[in-house]
Structure formats: structure tokens, C-alpha cells
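Below is one structure, written out as C-alpha cells; comments come after it.
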Amino acid sequence: MIQLFNVFKSYGGVSPALDGVTLTIHKGDFVYLTGPSGAGKTTLLKILFRRERLDRGQVLVHGFNVGKLDDSRLYQLRRKIGVVFQDYKLLPRKTVFQNVAFAQEVIGVDRKTVKAHTWQALKEVGLTQKRNAYPPELSGGEQQRVAIARALVNRPSILLADEPTGNLDPAMAAEILALFEQANRNGVTVVLATHNQELLRAGRYPVITLNRGRVVES
Amino acid sequence: MIQLFNVFKSYGGVSPALDGVTLTIHKGDFVYLTGPSGAGKTTLLKILFRRERLDRGQVLVHGFNVGKLDDSRLYQLRRKIGVVFQDYKLLPRKTVFQNVAFAQEVIGVDRKTVKAHTWQALKEVGLTQKRNAYPPELSGGEQQRVAIARALVNRPSILLADEPTGNLDPAMAAEILALFEQANRNGVTVVLATHNQELLRAGRYPVITLNRGRVVES
Amino acid sequence: MRALFQFLNNVLGATAHNLKANRQVFLVSVATITVALSILGLFLLVFSNLKSMMSTWDRQVQLIVYLDDDVSEDQKSKLRALFEGHPEVEEVAFTSREEAWENFRHSFSGGADFIQDLDFNPLPGSFHMRFKSSPDRLDKIKDFAQVLNKQPGVESLEYGEKWVARFEKFMIFIQVFLLAVGGLLCLGLILIISNTIKLSYYSRQDEIELMRLIGATNRYIRTPFLLEGVCVGFFGAVASLALLKAMHYYIQLRFQESLDFLTRGVVIQFLPFSWSVSMVVVSMAVGLMGSYYSIHQFLESGDRQ
Amino acid sequence: MRALFQFLNNVLGATAHNLKANRQVFLVSVATITVALSILGLFLLVFSNLKSMMSTWDRQVQLIVYLDDDVSEDQKSKLRALFEGHPEVEEVAFTSREEAWENFRHSFSGGADFIQDLDFNPLPGSFHMRFKSSPDRLDKIKDFAQVLNKQPGVESLEYGEKWVARFEKFMIFIQVFLLAVGGLLCLGLILIISNTIKLSYYSRQDEIELMRLIGATNRYIRTPFLLEGVCVGFFGAVASLALLKAMHYYIQLRFQESLDFLTRGVVIQFLPFSWSVSMVVVSMAVGLMGSYYSIHQFLESGDRQ
Ligand SMILES: Nc1ncnc2c1ncn2[C@@H]1O[C@H](COP(=O)(O)OP(=O)(O)OP(=O)(O)O)[C@@H](O)[C@H]1O
Ligand SMILES: Nc1ncnc2c1ncn2[C@@H]1O[C@H](COP(=O)(O)OP(=O)(O)OP(=O)(O)O)[C@@H](O)[C@H]1O
Ligand SMILES: [Mg+2]
Ligand SMILES: [Mg+2]
């Protein structure tokens with residue numbers, strides 16, 4: 001369960017990036033997060049895995065009190081969360097396979113399991129053919145799919161995806177959405193920030209709309 | 001005028017990224033480039049400003065024979081072309097203003113002109129307020145707009161934009177499109193690669209569709 | 001237990017990978033360390049050899065008691081008893097007038113034949129005493145000289161006061177110098193290694209940021225860098241010892257003879273084994289410090305991410 | 001002309017900006033260079049002083065002609081004419097029997113009173129000749145000695161053959177040593193500086209890639225890095241000279257006296273001005289080479305972009 005209560009976050013600019021956000025996302029939910037550019041979507045996601053600290057308010061993520069979480073235990077929170085970053089954050093000097101495997105190695109998964117899981121994840125996003133390519137050798141959409149595979153490979157209980165279809169054509173976007181739905185059926189809580197009107201219009205999942213840091217009733 | 005004749009480019013994978021592309025874009029044209037992920041859109045743009053070398057074929061860009069262009073004269077071609085990169089390529093340790101100004105400094109524009117032009121470009125994309133922010137402090141859409149400002153600031157005669165609205169909400173995307181149209185009215189040749197169905201559907205401009213490295217008749 | 005093993009396995013793998021990925025930077029760093037340590041080692045080599053030479057020269061610090069020409073056997077044996085009874089005297093040697101004359105003539109054999117023609121012996125007999133090594137040896141010699149001066153049969157006394165004082169000042173000089181150079185070099189090495197690690201860090205900055213974001217522990221991130229610093233220190237030290245050994249061999253081969261007038265016959269030795277080991281250990285410690293210093297900085301500053 | 005000015009302005013601005021942005025790395029590099037150059041400078045200091053001492057010792061290489069006690073004035077002046085006519089002889093000094101005796105007694109004044117008691121003079125008169133400095137001086141002295149040996153009035157000859165040979169071997173040793181150390185250090189410095197520039201490059205890799213993509217010339221990209229290397233070299237050299245000067249002052253103040261027995265009264269000098277300037281120039285050149293080396297690599301490898 002993800003709970004935010006009156007969360008306030010300012011980067012020191014004229015207006016705060018998050019301005020009293022209160023919302024609840026239940027375990028196993030699938031929700032969209034949308035809103036115009038600069039509304040605070042990325043900021044909200046960043047606060048969930050404590051990439052940014054909040055200024056005021058309460059954030060509970062799967063039992064972790066994120067605001068009060070000690071630095072030395074931060075990694076425990078982060079291991080529960082898979083993130084598809086808006087800018088992917090792939091390592092250019094590792095192959096696709098190594099990029100996905102890396103996510104498991106750093107949390108101490110043993111070698112055999114790493115191999116099996118990585119293969120499985122690449123298969124899901126349709127990139128087994130490109131497993132030995134390096135990210136700069138991939139198209140924008142392929143990179144995005146690697147990022148998704150990496151976020152899913154550790155079987156997180158929460159998946160945060162920031163504009164995961166921004167560089168994908170409609171057909172591919174639908175496929176990727178299917179992947180997220182598959183994960184969601186397996187019990188993963190999914191929060192998907194997007195501008196993609198087609199995804200939103202499909203309208204099967206609740207939409208949280210942000211505007212200037214506030215949740216807009218919809 | 002941009003002319004490609006039978007252009008072939010392979011990265012050594014199973015199938016070539018560009019496979020006999022022939023097309024002409026006239027001076028002052030505005031064209032869309034679309035196609036599924038991995039179709040070769042980015043590759044095509046890269047070849048135009050010789051970020052990648054072509055394997056076979058002829059590419060003429062505003063009088064430059066790109067395939068035969070000497071390394072030492074490459075910068076002359078690149079100064080004629082403004083590029084909005086798919087991954088922005090903003091410098092994280094320069095402010096928004098410095099990022100845009102930088103593009104002019106490196107080609108030897110004098111200080112006063114730099115200031116005036118930069119201010120003007122930021123105004124056009126609506127980011128004067130954020131001029132002292134650093135890119136990591138911007139939302140995805142804001143970063144995209146900085147990248148657009150930087151591509152426009154040198155008054156290039158060709159503008160290549162790779163998925164320039166991927167992170168923008170529909171309203172913002174429309175605004176940015178208006179910017180490109182404005183530039184186009186001033187005589188700039190615009191090539192815009194995108195998946196954005198709304199932009200494409202508007203249908204006001206010719207669309208070049210790529211698939212598996214080949215131009216698809218539409 | 002299995003987790004620890006897995007951790008070690010991954011960390012060692014990461015270190016090896018880093019070294020390979022930045023092979024050139026790594027080699028450059030090792031080379032730099034090698035050069036720096038070779039210079040330090042050269043100083044240590046000179047110093048350790050000076051020390052052993054000095055203990056030779058040290059043996060030459062002595063009190064010479066010249067005897068009256070008409071000293072009696074009785075006086076002589078009384079004096080000898082006095083010397084040998086003194087707790088600080090290590091060794092006493094007697095030179096008779098005849099021996100002194102022999103030595104004198106011998107030392108003038110060069111080109112001054114005229115000395116040989118002297119038909120009487122102008123030289124006195126003498127006792128030469130060596131004292132045990134101790135910091136206030138000179139004072140003890142002076143005190144003893146006071147006593148001896150009043151003894152019957154003693155003509156005059158001579159001791160290397162001036163020379164010893166200079167010698168001791170020179171020792172201080174050498175040590176100050178070595179400390180200064182050694183200190184500077186260690187500082188330099190820490191800087192160099194921390195630069196190396198920084199370089200290694202920069203080339204993997206994105207990787208580290210990502211690791212933190214996907215839940216790696218700080219220790220997991222830090223350890224490969226620390227190990228890398230230690231490796232740089234280790235290989236640098238070993239390479240410099242090899243280089244020094246080669247230099248030492250060369251010097252012995254080509255110049256031992258021509259340096260005799262400085263070394264006075266003492267064979268130039270390599271660094272004592274314990275010093276060599278210390279060099280390696282210190283270098284590894286310096287490597288650890290250098291990498292800790294730079295990595296600490298980075299992990300501190302990026303803590304919010 | 002205006003374009004050039006604009007270029008210089010931008011490039012200098014970029015360099016200054018780089019230095020500021022990487023201040024810490026820059027300072028570390030300068031410090032490293034300073035340490036390394038200080039060590040090299042120390043060797044040079046020792047070497048330059050040895051050289052001037054050696055020219056003092058050099059003057060002591062001489063041919064001594066001992067005369068028969070019954071040499072006639074006529075023979076003496078013939079000999080003198082012979083010496084002074086020899087093209088290689090620089091200076092001739094005559095020591096009479098009486099002077100020799102005076103000197104001898106004086107040098108024994110230490111503690112051997114017995115010498116004073118001698119009531120006749122056993123020493124011969126002598127001529128001392130110094131020869132002009134030249135590589136085959138020793139051979140010339142030998143040849144001349146052959147001739148002199150047969151002259152009437154000459155009792156015997158003496159010249160410092162053995163000593164000179166050793167001395168010359170020692171000179172070779174010092175020079176080989178200095179060359180080795182200097183060479184190693186220069187290599188080390190190039191590596192250090194190229195590492196520094198690499199560091200500076202890594203921290204601006206994206207910037208450089210972007211510059212190439214938006215149409216900066218290679219020269220525009222390269223120049224700030226080259227200047228940065230030159231700056232590191234320059235500041236490092238100047239700082240090390242300052243450090244050396246301080247050391248020199250300290251040594252003079254505290255140890256000049258105690259080193260007398262080595263220097264034989266020659267005052268320890270600082271590096272000659274021309275050497276200091278050369279150090280700065282060489283260091284700047286080394287900085288240029290180091291940065292050129294690393295930047296060349298990068299620009300080559302990224303040429304396709
Ligand atoms: N540098 C490279 N090295 C090797 N292969 C590459 C490289 N760049 C692109 N490719 C491959 O070439 C093909 C075309 O890539 P390109 O980036 O041109 O696609 P795209 O049309 O831009 O796709 P997207 O819409 O996902 O950005 C892809 O299969 C990609 O993997
Ligand atoms: N690190 C930061 N420092 C300062 N300001 C920041 C930082 N990150 C974001 N901001 C500002 O906070 C606001 C919200 O940013 P955020 O990235 O959350 O928007 P977003 O909803 O993700 O937008 P987009 O759809 O364009 O990605 C923006 O105005 C942005 O400029
Ligand atoms: Mg965002
Ligand atoms: Mg693309």
C-alpha cells in the first residue's frame with residue numbers, strides 16, 4: 001500500500017513541485033499519473049523511492065515510513081521498487097544483457113538465477129535478439145524496453161514507470177502496456193506516469209491528474 | 001535541399017538500419033518522419049549531420065556531399081543544422097541559459113549577440129523563468145524545450161528534431177509544433193521524427209514512413 | 001555465510017571488471033606509483049647503506065692516549081687496567097713507538113722518500129680506545145679524558161670531538177631530509193591514488209548513481225574502489241621494488257669499486273627485507289587512504305539520490 | 001582578426017572555466033607535479049653544487065715535481081721555463097724546502113708535538129703545476145711526467161692518477177643516476193599530467209561530444225585542454241621552485257656549517273637562474289605533451305561522431 005498524506009515538496013522555485021498531495025494506492029492497484037509538463041509527476045515518483053526527500057507530510061510505502069527512513073536502510077525500500085526512469089539510465093558500456101543482469105547482481109542474487117531471470121525479462125520485452133548490443137546501438141524505443149526489463153527483473157512489489165511509452169509507436173506501446181498489466185496481475189502495484197492520450201483514453205484504470213503540484217479531481 | 005539516393009547503412013546487425021533509402025526534401029519543406037521503433041528514423045537523421053557515416057549511396061545536404069565530406073570541414077555542415085536530440089544532450093552543470101548560449105559560443109558568436117539570441121530563444125519556448133535552473137532540476141518536458149531552444153538559437157537552415165514532443169502533454173506539444181512552424185515560415189527546412197499520432201493525424205504536412213530501413217509508400 | 005560469499009564474489013568480480021575496463025588508467029597509476037616509490041626507495045637505499053657505513057665510521061670514534069717516551073711498564077699496565085675497568089670502553093689497543101713509526105713511514109710511502117731517511121723515531125707510543133655506542137658517548141669520553149690527563153706517563157690526549165659533532169649534525173640533516181622527502185612523497189602518493197580512483201569513479205559515475213537507485217548497499221558500492229586503490233598501491237610497490245633491485249644490481253656491478261672511497265669497502269646492500277615489506281604495506285595503506293578519501297567525498301555528496 | 005580575438009577570448013574563458021569547475025582536481029595535479037618536480041629539483045640542486053665543488057676539486061689535480069736537495073738555481077729556472085712553456089700548464093707554484101717544512105709542521109699541529117721537536121728539515125722543495133681542464137688531461141700529464149723524469153735536479157714526481165680515475169668514474173655514476181632519475185620523473189610527470197587531463201576530460205565528456213555535434217572545430221575543443229596541461233605544468237614548476245628555495249634557505253641556515261667537511265667551504269648555491277627557467281619551460285612542455293597525448297586519444301577515438 002502506498003499512502004501520501006499532505007505531501008509538500010519544493011525545489012526552492014517560485015511554486016512548490018508538490019503542494020499538499022494526499023492519495024492512497026492500494027496494494028495490487030494499477031493507476032495512471034498524468035498532468036501537464038512540470039506538474040510534479042516525476043517528483044511524486046521520486047519521493048516514493050526517496051530519490052528526493054519530502055519537505056512536509058507523510059509517505060508510507062509498503063510499511064516503510066519514507067520520510068523518516070534511515071539512509072542505511074534506504075536500500076531495503078529501493079529493492080522493493082522497480083523504476084523505469086524517464087531518461088532510462090542504461091549503462092552505455094554494458095550490453096543489454098549485462099544491463100538487466102546488473103540490477104540483480106548489485107543486490108546479491110547468485111549467478112545462475114541472474115542468468116535465468118535476465119533471459120526471461122528480455123524475452124518479455126522482445127529484446128533477446130539485441131542482448132549483446134550496447135545501449136547507444138539501440139533505437140530510442142529499444143532502450144526504453146531495456147529499461148522496462150531491468151525494472152521488472154527483480155520482481156519488485158511496486159513498479160514506477162515514468163513516461164515508459166514516450167518513444168514507442170502505438171503498437172509497441174500497447175505491447176508494453178500488456179507487460180505492465182501482466183505484472184499487475186501477478187500482484188505488482190503499478191504507477192504509470194504518462195502523457196499518452198491513447199493509454200489514458202483506454203480508460204480502464206483510475207487516473208490521478210496533477211496540476212501545479214496538486215491533485216486534480218477527475 | 002536534402003537529397004538521399006539509395007542510402008544504405010548497417011550497424012552490423014542482422015538487417016541494415018537503412019536499406020536503400022531514396023528521398024528528396026526541398027528547401028523550406030516541413031516533413032514528418034515516422035515508423036515503428038527501430039525503423040531507422042534516428043539513423044536517417046544522424047546521417048544527415050554525419051553523426052554516422054553511410055555505407056553506400058549519396059547524401060547531399062545544402063550543397064555538402066555528406067558522404068565525401070572531409071573531417072576537417074565537418075563543422076561547416078553541422079553549423080547549418082540544428083538538432084533536437086532524442087535524449088536532449090543538455091549539459092547538467094550549466095544553467096538553462098548557459099546551455100543555450102553555449103551552442104553559440106562554440107561557433108564563435110560574440111558575447112553580446114549570444115545574450116540577445118539566447119534570451120529570444122528562451123522566450124520562444126517559454127522558459128525565461130527557468131533560465132537559471134540546471135537541467136536535472138527541470139521536468140522532462142522542460143528539458144525538451146531547452147533542447148529545442150538550443151537547436152533554434154543558431155538560426156540553422158535545417159532543423160532536425162527527433163521525437164521532440166515525446167515528453168510533452170498535448171497542449172505543450174501543440175505549442176512546440178507552432179514554434180517549428182514559425183521557424184519553417186522563416187525559411188528553415190524542418191524534419192520531424194515522431195510517433196505522436198495526434199501530430200501525424202493533423203495531416204498538414206507530408207509524412208515519410210520508414211519500416212525496417214525502407215521508405216514505405218503512403 | 002552464503003550471502004557473504006556472494007558479496008565477495010560480486011565485489012571481486014566488479015573490481016576485476018573495473019581494472020580491466022580502465023586498464024590504461026590503472027597501468028598509468030601503477031606506473032606513477034612505481035616511479036614515486038622508486039625514488040623514495042632510492043633514498044631509503046642510500047639511507048640504509050649510510051646507516052651501516054656510519055656504524056663503521058662510528059667504530060672510529062676513539063680516544064687516543066699518547067704516552068711519554070720514558071713511560072715505564074708499570075705505568076703502562078696501570079693505565080691499561082684503568083681503561084679496561086671503565087664500563088664504557090669497548091676495546092683497547094696498544095701501539096708501540098716502533099709500530100707507530102712503521103705505520104707512519106708506510107703511510108708516507110707515496111712519493112716522499114725523504115721520510116724514509118730519518119734515522120731516529122720521533123713518534124710516541126699510544127693507547128687507542130673504542131667506546132660503546134651511546135648518545136652521550138662524547139660527554140663520557142670528555143670526562144674520562146679529564147681523569148686520564150692527570151695520570152703519570154700520559155703525554156697528551158686526542159679525541160675526535162669536532163669530527164663527531166659534525167658527523168652527528170650530518171646525521172640529523174640526513175634524517176630531516178629523508179623525513180621531508182618521505183612525507184612529501186606519501187602526500188603525493190595519496191593525491192595520485194585519490195586522483196586515480198576519482199578517474200575510475202568518473203568513468204563509472206552513472207553506474208554508481210544507478211546502483212544506489214536500484215538498492216545496492218553503500219558497502220557494495222564502495223568496496224571495489226577501495227580494493228582498486230589497494231591494488232594500485234600493491235602493484236606499484238612491487239614494481240618499484242623490482243626496479244630498485246635492478247638498479248642496485250647495476251650499481252653493484254658497475255660502480256661498487258669506484259664508490260669505495262665513499263663506502264670504505266662496505267658492500268652496498270639492498271633494502272632490508274623488513275623495509276621492503278613495510279614499503280609494500282605502506283603503499284597499500286596509502287592506496288586505501290587515497291581511494292577512501294575520494295570515494296568518501298563522492299558518496300557523501302551524492303547521498304540524497 | 002576579430003575572429004581570432006573571439007576565438008582566443010572564448011578559449012581562454014573555457015580554460016578558466018574548466019580550471020574553476022575542476023578546481024580540486026587541478027590543485028591536486030599541481031600539488032603532484034610540485035612534489036615530483038621538487039624531488040627532481042633537489043637532485044639538480046645537489047648536482048649543480050657537486051659540479052661547482054668538483055671544479056674546486058678539479059683544481060687539485062696537479063703534478064708535483066720534487067727537487068733534489070742540492071738542485072741549483074740554474075736547474076730550477078730551466079725547469080720553470082720548461083713548465084711555463086708547456087701549452088697545457090695553467091699555473092706553476094714553487095714551494096721551497098723551508099715553506100714545505102712550515103706547512104708540514106702546521107698540518108701536524110693537532111696533537112703530535114713530537115714533530116715540532118725535529119731539528120732538521122727532511123723535506124724537499126717542489127713545483128706544483130695545475131693543468132688546463134681537458135678530457136685527456138691525465139694522458140698529457142703522464143706524457144709530460146715522462147719528459148720531466150729525465151731532467152737534472154728532479155728527485156721524484158707525483159700525480160693524482162688513481163684519485164682522478166676514481167673521481168671520473170664517480171662523475172659518470174652521478175650522471176647516469178641523474179639521467180635515470182630525471183628520465184623516470186619526466187615520464188612519470190607526463191603520465192600524471194595526462195591522467196589529470198583525462199580526469200578533466202571525463203568530467204566534461206558530454207560537453208565535448210555535444211560541442212562536436214553542434215559544429216565546434218577540433219582546435220576549439222582541443223585548445224582549452226592543452227592550455228590546462230600547460231597551466232598545470234607552469235604552476236607546478238613555480239611552486240616547486242618556491243619549495244626548493246625554502247629548502248635551500250633552511251639547509252644553508254642550519255646545515256651549511258656541518259656539511260663543510262663535504263663541501264670544503266664552498267657555499268651551497270641555489271639552482272642557476274637558467275636552470276630554473278629551464279625547469280619551468282620543460283614542465284610546461286611536459287604538461288603540453290601530457291595533455292596532447294590524452295586529448296589526442298579521445299578525439300581520435302570519437303572521430304566518427
Ligand atoms: N550505434 C548503433 N549500433 C548498432 N546498432 C544500432 C545503432 N544505432 C541504431 N542501431 C540499430 O538500428 C536500428 C534502427 O535504429 P534507429 O535508432 O534508427 O531507430 P528509430 O526509428 O529511431 O527507433 P525509435 O523510434 O525507437 O527511436 C535499430 O534496430 C537499432 O538497434
Ligand atoms: N531537482 C530539481 N531542482 C529544482 N527544481 C526541480 C527539480 N526537479 C523538478 N523541478 C521542478 O519541479 C517542477 C515539477 O517537475 P517534475 O519533473 O515533477 O514535472 P513532471 O510532471 O514530471 O513534468 P514532465 O511531464 O515534463 O516530465 C518543475 O517545474 C521542475 O522545473
Ligand atoms: Mg517527468
Ligand atoms: Mg529514434
Side-chain angles (χ1 to χ4, degrees), chain A residues 11-15 17 34-43 46 51-52 85-90 92 125-127 129-130 132-145 162-173 175-176 193-198 200-201 209-211, chain B residues 11-15 17 34-43 46 51-52 85-90 92 125-127 129-130 132-145 162-173 175-176 193-198 200-201 209-211:
Chain A
Y11 292 108
V14 265
S15 55
T34 192
S37 176
K41 301 181 295 298
T42 302
T43 303
K46 277 182 178 169
R51 165 131 201 205
E52 292 288 353
F85 300 97
Q86 197 163 7
D87 55 355
Y88 318 148
K89 297 200 192 300
L90 301 178
V125 297
L127 276 181
Q129 291 237 337
K130 294 269 175 191
N132 291 323
Y134 292 87
E137 303 169 1
L138 298 178
S139 78
E142 287 161 347
Q143 291 181 30
Q144 202 154 44
R145 283 182 276 156
D162 199 353
E163 204 71 65
T165 61
N167 282 309
L168 297 179
D169 54 289
M172 186 63 74
E175 267 181 51
I176 292 297
T194 188
H195 292 297
N196 192 317
Q197 296 301 308
E198 275 141 82
L200 292 173
R201 255 182 247 127
T209 307
L210 285 179
N211 197 3
Chain B
Y11 291 109
V14 266
S15 54
T34 191
S37 176
K41 301 182 294 298
T42 303
T43 303
K46 278 181 178 169
R51 165 131 200 208
E52 292 288 352
F85 300 96
Q86 197 163 5
D87 55 355
Y88 318 150
K89 296 198 191 301
L90 301 178
V125 297
L127 277 179
Q129 290 236 338
K130 294 269 174 191
N132 290 325
Y134 292 86
E137 303 170 2
L138 298 179
S139 78
E142 287 161 347
Q143 291 182 29
Q144 202 154 43
R145 283 182 277 157
D162 199 354
E163 205 71 64
T165 60
N167 282 310
L168 298 179
D169 55 287
M172 186 61 75
E175 266 181 52
I176 292 296
T194 187
H195 292 298
N196 192 315
Q197 296 302 309
E198 276 143 80
L200 293 173
R201 255 182 246 127
T209 307
L210 285 180
N211 196 5

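Labels below follow one simple rule: chain letters A, B, ... track the order of the sequence lines, proteins then strands, and each chain is numbered from 1. What you see is a predicted model; the values in this text were computed from it and never measured.
- Interface remark: A/Glu142 contributes backbone and side-chain atoms alike to the contact with chain B (heavy atom separation under 4.5 Å).
- Interatomic distance, B/Asp169 CG to A/Asn196 CG, rounded to the nearest 0.5 Å: 12.5 Å.
- The minimum heavy-atom distance between B/His195 and A/Pro170, with the atom names listed, is O-CD, 4.4 Å.
- Ranked by heavy-atom pairs under 4.5 Å with chain B, the list A/Leu168, A/Thr42, A/Asp87, A/Thr43 is led by A/Leu168.
- With respect to chain A, the highest number of heavy-atom pairs below 4.5 Å among B/Ala39, B/Gly12, B/Pro36 belongs to B/Pro36.
- Note that the OG atom of A/Ser37 and the CZ atom of B/Arg145 stand 4.5 Å from one another [nearest 0.5 Å].
- Of the atoms belonging to B/Gln129, it is side-chain heavy atoms, and not backbone ones, that fall under 4.5 Å from chain A.
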